[in-house]
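Below is one structure, written out as structure tokens; comments come after it.
Bear in mind the structure is a predicted one, so any value in this text is a computation, not a measurement. In this chain, numbering begins with 1 at the start of the sequence shown.
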Amino acid sequence: IDGLIYGEGNKITKEQAIQNYEKEMLSANVKFIYWGDLDFTGIDMYERVKKSNPQSSIELFIEIYEKMLELSKDKDIEKIHKEQNKNINIKEFLANFKNIEIQRKIQNILKENKYIPQEILNYEEIEKIIQK
């Protein structure tokens with residue numbers, strides 16, 4: 001991982017925000033890895049970041065999402081508290097996950113109007129994944 005972009009909400013979805021950051025702060029051909037809350041808003045933000053930065057390489061951090069699902073398995077995950085835009089391209093998002101069971105789990109969470117926050121992961125869990 002070359003760097004971390006803290007999105008500050010929707011700031012990273014502005015037109016060419018990632019591309020400009022890449023040009024100003026990093027070297028060329030940086031691979032960015034996105035991960036956010038597992039809910040409609042998190043998925044929508046990923047889609048908007050990719051659309052706003054077509055010249056940048058932005059992929060999902062699949063291992064992190066898989067760990068979020070694993071850690072939430074035995075927990076009663078919360079319902080989404082406020083209205084979210086549900087008009088998202090869920091098929092494109094799910095296509096990033098090769099495991100059909102993972103895809104089903106994500107679909108079920110969204111159908112039940114629930115979410116898994118990023119904060120389910122602590123630093124130690126993230127570090128283990130990054131060091132693989």
Side-chain angles (χ1 to χ4, degrees):
I1 295 176
D2 298 314
L4 172 69
I5 297 173
Y6 177 72
E8 296 182 68
N10 285 311
K11 285 185 179 180
I12 62 169
T13 64
K14 289 182 180 175
E15 197 70 30
Q16 298 183 353
I18 302 294
Q19 288 171 212
N20 291 336
Y21 177 76
E22 187 176 1
K23 287 177 192 172
E24 293 172 15
M25 303 299 289
L26 305 170
S27 61
N29 303 317
V30 174
K31 176 182 164 188
F32 293 97
I33 303 174
Y34 175 91
W35 130 68
D37 291 343
L38 188 50
D39 62 0
F40 295 101
T41 299
I43 295 168
D44 180 54
M45 191 172 294
Y46 170 68
E47 290 177 354
R48 289 186 291 134
V49 166
K50 284 193 64 102
K51 184 178 178 182
S52 298
N53 299 280
Q55 302 302 317
S56 295
S57 172
I58 304 169
E59 299 175 11
L60 285 178
F61 200 161
I62 299 298
E63 296 85 358
I64 289 278
Y65 283 103
E66 290 173 348
K67 189 64 171 181
M68 290 170 68
L69 289 164
E70 178 187 323
L71 292 172
S72 70
K73 184 174 62 172
D74 298 325
K75 294 185 168 110
D76 186 28
I77 57 176
E78 293 186 39
K79 289 224 178 241
I80 295 170
H81 300 294
K82 54 186 174 181
E83 192 62 31
Q84 294 189 355
N85 175 19
K86 295 180 181 178
N87 188 21
I88 59 172
N89 189 348
I90 188 66
K91 287 182 182 178
E92 187 174 315
F93 180 81
L94 292 174
N96 290 284
F97 298 88
K98 305 306 177 217
N99 184 315
I100 299 298
E101 188 58 35
I102 296 289
Q103 292 179 12
R104 286 189 187 125
K105 287 179 184 179
I106 293 170
Q107 285 177 308
N108 287 337
I109 288 168
L110 297 174
K111 281 181 190 174
E112 294 175 8
N113 206 37
K114 293 185 175 185
Y115 77 104
I116 303 173
Q118 293 171 294
E119 293 79 13
I120 196 166
L121 290 163
N122 61 34
Y123 175 78
E124 289 79 20
E125 294 292 342
I126 296 167
E127 187 175 39
K128 287 179 201 172
I129 293 168
I130 290 172
Q131 291 181 352
K132 283 185 182 179

Counting N and O atoms only, with roles assigned by atom type, does the side chain of Lys31 sit under 3.5 Å from a partner on the main chain of Ile58, one being a donor and the other an acceptor?
no
Output the distance between atom NZ (Lys105) and atom CG (Leu38), rounded to the nearest 0.5 Å.
11.5 Å
If you compare all heavy atoms of Glu66 against all heavy atoms of Ile102, which two are closest, and at what distance to 0.1 Å?
CG-CD1, 4.2 Å
Contacts of Lys67 meeting salt bridge (Lys or Arg N to Asp or Glu O under 4.0 Å) (sequence neighbours excluded), chain-then-number -> Glu70, Glu125
Rounded to the nearest 0.5 Å, how far does OG of Ser56 lie from CZ of Phe32?
5.5 Å
Give every donor-acceptor pair under 3.5 Å between a side-chain atom in residues 106-115 and any protein atom, sequence neighbours left out.
from	atom 1	to	atom 2	distance (Å)
Asn108	ND2	Arg104	O	3.3
Asn113	OD1	Lys86	NZ	3.3

Is it true that a side-chain atom of Asn96 and a backbone atom of Phe93 form a donor plus acceptor pair closer than 3.5 Å?
yes
Hey, does the side chain of Asp37 reach the backbone of Gln118 with a donor-acceptor pair shorter than 3.5 angstrom?
yes
Nearest heavy-atom pair of Phe40 and Asn85: which atoms, and what distance?
CB-O, 3.4 Å
Grab the two heavy atoms, one from Ile33 and one from Leu60, that are nearest each other, plus how far apart they are.
CG2-C, 3.9 Å
Would Phe97 and Leu69 count as a side chain to side chain contact (heavy atoms under 4.5 Å, CB included) if you check the C-alpha gap in whole Å, the side-chain angles of each, and the deciding distance to 0.1 Å?
CA-CA 12 Å; Phe97 298 88; Leu69 289 164; 5.7 Å; no
Nearest atoms (heavy-atom pairs only) where Ile90 meets Glu47:
N-OE2, 4.3 Å
I'd like to check Leu121 versus Trp35 (side-chain heavy atoms, cut-off strictly below 4.5 Å). Are they in contact?
yes
Minimum-distance pair of heavy atoms, taken over all atoms of Lys75 and Ile120
CD-CD1, 4.5 Å
Answer yes or no: is there a side-chain heavy-atom contact under 4.5 Å between Asn89 and Tyr46?
no
Quick one: are the ring centres of Tyr34 and Tyr65 less than 6.0 Å apart?
no
Report the distance from atom CD of Glu63 to atom NZ of Lys128, rounding to the nearest 0.5 Å.
15.0 Å
Heavy-atom closest contact (Ile116 atom, Ser72 atom, distance):
CD1-OG, 3.2 Å
Crowded around Lys79 NZ? As in, over 12 foreign heavy atoms under 6.0 Å?
yes
Gln84/Asp39 under side chain to side chain donor-acceptor pair (under 3.5 Å): CA gap, chis, key distance, verdict:
CA-CA 9 Å; Gln84 294 189 355; Asp39 62 0; 2.9 Å; yes
